[in-house]
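Quick note: numbers below take in every heavy atom, side chains included, and nothing from hydrogens, waters or symmetry partners.
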Amino acid sequence: MSESGLTTGDFTEENEPFALFGTWLKEAEGTEPNDPNAVAVATVDEHGLPNVRMVLLKGFDEKGFVFYTNFESQKGREILGQKKAAMCFHWKSLRRQVRLRGEVEVVTDAEADAYYASRARGSRIGAWASKQSRPLEGRFALEKSVAEYTARYAIGEIPRPAYWSGFRIKPVSIEFWHDRQFRLHDRVEFRRATADGPWEKVRMYP
């Protein structure tokens, strides 16, 4: 690092964003005290009004970034309506941030089934019991619903609800940000015109 805090031979030299993201996520797994895969997901409703909330990233590869949810929830309805979303990871322990955005597709039934089967039994029951994002008259109503589905699926496998699946954000932009002294941060953005096009790398002013 120079006296100005600017750097050269570090992540800004990388030319492939998915590999770089994998490296940063792995490092975060060793430093973040809780949920290094936690990520803010931003969506917009039919009026263009934005919403943002935290979810857990459950997989990524060159096809995109995957998370799971109730499709009848607010974020589910907004994503299905607009087919676009954005993500922002912030790893405070590493003083790093990654932002990405793009179009969204639904994962395959096989992918959703495999992930759903890997969840704890209580979490699978919860997917049935919770009418996510809709009004709840009291905690007892939720606990009653959990008890009802626990009794219904007391034996054997718990099927995946038809309304519960995953989304894959196929990024057309991925930006890597690293905090530097005097707010002279390092920012590198990878851009492409389509989700299967070639990447262009641009270094950005902080």
Side-chain angles (χ1 to χ4, degrees), residues 1-44 48-69 75 78-79 82-108 111 115 118 166-206:
M1 184 183 297
S2 68
E3 290 182 0
S4 68
L6 297 176
T7 59
T8 52
D10 56 13
F11 78 93
T12 62
E13 305 294 326
E14 297 293 331
N15 291 309
E16 206 295 304
F18 294 108
L20 178 56
F21 178 84
T23 298
W24 277 23
L25 179 60
K26 186 174 180 62
E27 291 177 3
E29 289 170 352
T31 62
E32 286 294 302
N34 294 298
D35 298 326
N37 60 330
V39 57
V41 171
T43 59
V44 294
L49 192 64
N51 275 303
V52 65
R53 77 290 285 165
M54 301 301 296
V55 303
L56 296 178
L57 180 75
K58 290 301 180 179
F60 82 95
D61 56 22
E62 292 185 356
K63 293 186 293 184
F65 296 75
V66 174
F67 67 97
Y68 292 85
T69 189
K75 64 179 171 294
E78 291 177 355
I79 291 174
Q82 307 301 322
K83 301 296 195 303
K84 296 179 179 68
M87 282 182 162
C88 182
F89 297 85
H90 178 231
W91 298 301
K92 188 173 183 179
S93 62
L94 297 174
R95 307 176 76 87
R96 290 174 177 170
Q97 174 180 280
V98 176
R99 297 192 303 147
L100 62 97
R101 60 180 181 164
E103 295 187 352
V104 181
E105 67 180 13
V106 177
V107 304
T108 65
E111 289 176 286
Y115 174 66
S118 75
F167 288 120
R168 176 180 288 107
I169 300 180
K170 303 182 293 181
V172 294
S173 170
I174 307 178
E175 181 192 288
F176 296 83
W177 177 98
H178 192 180
D179 175 74
R180 295 300 188 191
Q181 192 176 20
F182 307 124
R183 303 198 182 280
L184 298 173
H185 313 308
D186 281 334
R187 289 177 64 188
V188 171
E189 182 183 358
F190 293 85
R191 306 169 179 170
R192 56 186 178 180
T194 63
D196 57 358
W199 290 107
E200 172 195 10
K201 184 176 75 171
V202 181
R203 187 156 185 168
M204 310 287 287
Y205 276 95

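Considering only residues two or more places apart in sequence or on other chains, Glu16 meets the side-chain hydrogen bond (donor to acceptor under 3.5 Å, both in side chains) condition with none of them. Judged as a side-chain contact (heavy atoms from CB on, under 4.5 Å), and not counting sequence neighbours, the contacts of Val104 are Ile79, Ala85, Phe167, Ile169. Every residue two or more places apart in sequence or in another chain that forms a side-chain contact (heavy atoms from CB on, under 4.5 Å) with Lys201 is listed here: Asn15, Val188, Phe190. Scanning for side-chain hydrogen bond (donor to acceptor under 3.5 Å, both in side chains) contacts around Arg192 gives an empty result, with sequence neighbours left out. Residues passing the side-chain hydrogen bond (donor to acceptor under 3.5 Å, both in side chains) test with Arg96, sequence neighbours excluded: Glu27.
Using cut-offs of 30° and 60° for the angle between ring planes, the Trp177 and His185 rings count as tilted. By the 30° and 60° cut-offs, the orientation of the rings of Trp24 relative to Phe11 is perpendicular.
A salt bridge links Arg168 with Glu105: the distance from a Lys NZ or Arg NE/NH1/NH2 to an Asp or Glu carboxylate oxygen falls below 4.0 Å.
A salt bridge (charged side-chain N to carboxylate O under 4.0 Å, His left out) check over residues 29-44, counting only residues at least two apart or in different chains, returns nothing.
For the pair Glu14 and Phe21, the minimum side-chain heavy-atom distance is 4.5 Å or more. Inter-residue side-chain proximity for Pro206 and Phe182 is flagged as unmet; no heavy-atom pair is nearer than 4.5 Å.
A donor atom on one side chain and an acceptor atom on the other are not found under 3.5 Å apart for Arg99 and Ser173.
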